[in-house]
Asks: 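Before I ask anything, let me first share the structure, which is written out below as structure tokens.
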Amino acid sequence: MAEKPELRPYAREIVAIVREAVAEVNRLPLDEQKRLLREKYSWILEKLSKPKEQEKALPPLPGAEEGKVVTRFAPNPDFVIHLGNARPAILSYEYKVMYKGRMILRFEDTDPRTKTPLPEAYELIKEDLEWLGVRWDEEYIQSLRMPIYYQIIRELLEKGHAYVDDRPGEEFRKYRNSGKLSEYPPRLRTPEENLEMWDRMLEGRFAEGEAVVRIKTDPNHPDPSVRDWVAFRIVDTSRHPHPLVGDRYIVWPTYNFAAGVDDWLMGVTHILRAKEHMQNTTKQKYVYEYMGWKYPYVVHFGRLKLEGFIMSKSVLKQLLDQGISTGIDDPRFATIAGLRRRGITAEAIRKLILEVGTKYTDASISYANLAATNRVIVDSVARRIMAAIPPAPVVIEELPWEKRVFEIPYHPSGELGSRKITLEGPMTVVYVSQSDIKLMKRSSVIRLMEAFNIEVVDAKNDKIIARFHSLGLEEARRYRAPIIQWVPADAALHIELLVPEGLDLIQRRGVVEQAAAELKQGDIVQLVRIGFVRVDAVEIENGSARKVVMIFAHE
RNA sequence: GCCGCGGUAGUAUAGCCCGGCCAAGUAUGCGGGCCUCUCGAGCCCGUGACCCGGGUUCAAAUCCCGGCCGCGGCACCA
């Protein structure tokens with residue numbers, strides 16, 4: 001009916017007919033229905049059976065034209081970026097690619113006092129972005145653009161759209177909240193007076209807190225915070241030096257001013273940002289109006305929360321300062337560096353961000369969800385390695401060989417090569433997981449994965465005694481033998497597995513097969529029957545590996 | 001409190017603008033089966049949602065009103 005509006009007047013009659021038809025069809029037996037469908041309307045079946053897979057695509061950007069889209073990611077370099085920041089970063093990048101446009105990276109470091117930039121954060125953020133696969137075309141740092149902001153505000157002061165306010169904040173608020181803002185004395189100053197005061201601000205005649213520059217807005221705007229908002233304030237940089245420009249400037253633009261001005265000057269067409277910036281759009285639009293600029297399209301989205309993780313920068317900093325964490329890349333953190341360190345891939349993060357998209361409501365993702373996405377990516381490329389954590393020795397007797405070499409593939413697909421494990425006879429010792437001991441007590445026959453079957457002889461004491469049973473997998477199946485991973489005792493490496501759990505970092509010790517010595521930091525492997533882990537460090541002693549430190553990612 | 005914005009399965013998301021192809025799709029989770037020398041992966045089957053109440057309409061997840069719940073903002077932070 002959407003397609004044939006001319007039928008609408010007959011809707012009532014048609015509905016009656018349709019009801020009757022449906023009832024009639026429903027009275028037929030299911031088989032009869034199917035038969036009729038096949039005979040007369042096979043095209044419907046075809047349509048139904050067609051697989052409808054479609055790559056999850058981002059919704060189109062309003063007003064976007066190919067080749068003309070400019071997005072930006074504008075982090076504050078007071079800390080590294082976390083999963084929440086990855087959202088605007090990745091979306092800005094994806095849209096830039098989608099529309100073959102440009103992306104700008106802009107460091108917003110205009111508050112040396114309360115959000116003092118971290119000197120190393122500029123580089124660390126770029127490294128994180130690069131790791132995420134985000135590529136930008138231009139790069140700016142706001143603290144290096146101060147003359148530009150000064151120039152624009154001068155113009156606004158000249159035109160009477162801004163004024164210097166040298167009164168205490170309480171007094172301003174008194175006027176603002178009583179609906180008398182239009183009578184606020186500083187607001188009534190002439191442009192000449194304002195320019196003179198502005199120069200005095202620049203000269204350092206006002207101390208911190210003694211003067212600000214306000215943008216004139218609707219003095220009775222329903223949102224009080226919008227009314228004559230602050231564009232510049234004074235920061236005593238002799239006490240709070242800026243890591244990049246030291247004490248060169250004492251008059252600093254606020255976020256709303258600097259970001260608003262830059263978006264225009266840099267040609268940004270589309271701003272993708274979280275909803276806490278909603279009111280900022282309203283504020284910034286005044287500057288745009290006064291300057292005759294066109295405000296970019298804005299897409300606001302909700303917060304992205306990773307359940308069980310701390311996303312707040314200030315809390316993360318606190319944990320860092322208290323020495324509770326191991327660094328900015330602590331695997332318990334949802335910082336990009338932290339997620340990377342515990343074995344989450346950039347591809348998984350990207351997929352997650354695209355899945356969440358640009359929806360306005362908050363999204364709360366569980367780690368299980370992120371892990372599931374990661375698992376699929378990592379599964380086909382992660383080597384399988386055996387470890388016993390914590391280890392329990394098993395003595396195996398009656399081995400029918402003096403020496404036997406087992407070649408074990410690194411991946412069930414056989415595509416990741418293999419390693420060799422040598423076992424001597426007639427007696428040897430292997431480590432198995434302590435948790436598998438109870439398995440051995442229950443089942444008489446056990447298969448050592450990819451090797452041979454053993455039969456438990458004595459399991460009364462801590463030390464399990466077993467003997468060779470058979471070689472083939474078929475026998476193992478016949479005896480319904482559990483298949484477990486194992487590590488030869490004479491070629492075992494120490495392993496320390498760090499398992500992040502909430503705010504705890506649980507340390508588990510065990511042994512891992514010799515093959516782990518060849519791993520490099522950053523490798524993601526699967527410890528068989530334990531889960532996917534990332535190699536954090538391979539500790540070398542006298543030229544050979546002694547211990548491997550791994551961080552648990554997920555099952 | 002005041003401004004603004006939202007509510008689709010356990011979670012996330014599609015559909016909402018432009019009412020009917022929606023007895024609501026997809027992913028993940030969960031349950032079951034197959035396969036596999038891992039408790040992983042893969043394949044198959046199943047499970048499960050339109051916040052509530054009114055209204056408009058032949059027809060409402062979609063439009064309107066009210067309620068409830070949630071979120072954001074209310075800085076000389078970004």
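To find a chain, count down the sequence lines: A is the first, B the second, and so on, and within it residues start at 1. Just so it is clear, the model here is predicted, and its values are computed rather than measured.
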Asks: So A/Tyr150 and A/Trp198, would you call those rings parallel, tilted or perpendicular, with 30° and 60° as cut-offs?
Replies: perpendicular
Asks: Measure from the side chain of A/Thr361, starting at C-beta and using heavy atoms only, and say which of B/G6, B/U13, B/C39 lies closest.
Replies: B/G6
Asks: Take atom P in B/C30 and the same atom in B/C68, then report the distance between them in whole Å.
Replies: 37 Å
Asks: Take atom OH of A/Tyr410 and atom P of B/A41, then tell me their distance rounded to the nearest Å.
Replies: 23 Å
Asks: Taking atom P of B/U13 as reference, at what distance in whole Å does atom CZ of A/Phe301 sit?
Replies: 13 Å
Asks: Round to a whole Å and report the spacing from CD of A/Glu475 to C1' of B/C37.
Replies: 13 Å
Asks: Evaluate the ring planes of A/Tyr184 and A/Phe172, with Trp represented by its six-membered ring, and classify them as parallel (under 30°), tilted (30 to 60°) or perpendicular (over 60°).
Replies: perpendicular
Asks: B/C5 and B/C65: how far apart are their P atoms, nearest whole angstrom?
Replies: 13 Å
Asks: Can you tell me how far C1' in B/U28 sits from the matching atom in B/G48, rounded to whole Å?
Replies: 13 Å
Asks: Please report the distance, rounded to the nearest Å, between CG in A/Leu58 and P in B/U13.
Replies: 13 Å
Asks: Using a 6.0 Å cut-off, check whether atom NZ of A/Lys305 has over 12 heavy atoms from anything other than its own residue.
Replies: no
Asks: List the protein contact pattern of nucleotides 67-78 of chain B with one symbol per nucleotide (5' to 3'): B for base contact, S for sugar-phosphate-only contact, - for none; contact means a heavy-atom distance under 4.0 Å.
Replies: ----SBSS-BBB
Asks: Please classify the nucleic acid contact of A/Ala363 as base, sugar-phosphate, or nothing, using heavy-atom distances under 4.0 Å.
Replies: sugar-phosphate
Asks: Begin with the C-alpha distance, continue with both residues' side-chain angles, and end with the deciding distance and a verdict on side chain to side chain donor-acceptor pair (under 3.5 Å) for A/Tyr286 and A/Asp218.
Replies: CA-CA 9 Å; A/Tyr286 283 94; A/Asp218 174 356; 4.9 Å; no
Asks: Given atom CZ of A/Arg384 and atom P of B/U38, what is their separation to the nearest angstrom?
Replies: 10 Å
Asks: Is it true that atom OH of A/Tyr479 has more than 12 heavy atoms of other residues, nucleotides or ligands lying nearer than 6.0 Å?
Replies: no
Asks: Side-chain N or O of A/Arg375 versus OP1/OP2 of B/G29: is the shortest distance under 4.0 Å?
Replies: yes
Asks: On a whole-Å scale, what distance lies between the C1' atoms belonging to B/C52 and B/U36?
Replies: 49 Å
Asks: Examine B/C37: is either OP1 or OP2 under 4.0 Å from a nitrogen or oxygen in the side chain of A/Arg477? Give yes or no.
Replies: yes
Asks: Rounded to the nearest Å, what distance is computed from the CD1 atom of residue A/Ile377 to the P atom of nucleotide B/U28?
Replies: 12 Å
Asks: With nearest nucleotide decided by heavy atoms, which residue, A/Ile530 or A/Ala372, maps closer to the 5′ end of RNA chain B?
Replies: A/Ala372
Asks: Hey, which of these two, A/His221 or A/Asn369, hits RNA chain B nearer its 5' end, going by closest nucleotide?
Replies: A/His221
Asks: Can you tell me, in whole Å, how much space there is between the C1' of B/C63 and that of B/C45?
Replies: 39 Å
Asks: Only one of A/Glu513, A/Met550, A/Arg508 clears side-chain contact (heavy atoms from CB on, under 4.5 Å) with A/Ile495; which?
Replies: A/Met550
Asks: For a quick check, tell me whether the side chain of A/Glu307 and the base of B/U11 share a donor-acceptor pair closer than 3.5 Å.
Replies: no
Asks: Go through the steps to decide whether A/Asp262 and A/Tyr149 satisfy the test side chain to side chain donor-acceptor pair (under 3.5 Å), and finish with yes or no.
Replies: CA-CA 9 Å; A/Asp262 275 347; A/Tyr149 310 125; 2.5 Å; yes
Asks: With rounding to whole Å, what would you report as the distance between B/U8 and B/G15 at their C1' atoms?
Replies: 9 Å
Asks: Write down the distance between CD1 (A/Ile484) and P (B/G40), rounded to a whole number of angstrom.
Replies: 17 Å
Asks: Quote, to the nearest angstrom, the P distance that separates B/C69 from B/A49.
Replies: 24 Å
Asks: For the residue pair A/Arg214 and A/Phe232, would you count it as a cation-pi contact if the rule is NZ or CZ under 6.0 angstrom from the ring centre and within 45 degrees of the ring axis?
Replies: no
Asks: Taking atom OH of A/Tyr431 as the centre, report whether more than 12 heavy atoms of other residues, nucleotides or ligands fall under 6.0 Å from it.
Replies: no
Asks: Can you confirm if the NZ or CZ of A/Arg404 lies within 45° of the ring axis of A/Phe406 and under 6.0 Å from the centre of its six-membered ring?
Replies: yes
Asks: Let me know the distance between CG of A/Asn374 and P of B/U28, rounded to the nearest Å.
Replies: 14 Å
Asks: Need one value for A/Ser380: base, sugar-phosphate or nothing, where a base atom within 4.0 Å counts as base even if backbone is also close, heavy atoms only.
Replies: nothing
Asks: Give a yes/no verdict on a cation-pi contact between A/Lys285 and A/Tyr295, requiring under 6.0 Å between NZ or CZ and the six-membered ring centre and an angle within 45° of the axis.
Replies: yes
Asks: Of the nucleotides B/C37, B/A12, B/G42, which one has an atom closest to the side chain of A/Val376?
Replies: B/G42
Asks: If the C1' atom of B/C71 is compared with that of B/C35, how far apart are they to the nearest Å?
Replies: 46 Å
Asks: Would you please enumerate the stems RNA chain B participates in, each stem being three or more consecutive Watson-Crick or G-U wobble pairs with both distances under 3.5 Å?
Replies: B:1-7 with B:68-74, B:10-13 with B:25-28, B:29-34 with B:42-47, B:51-55 with B:63-67
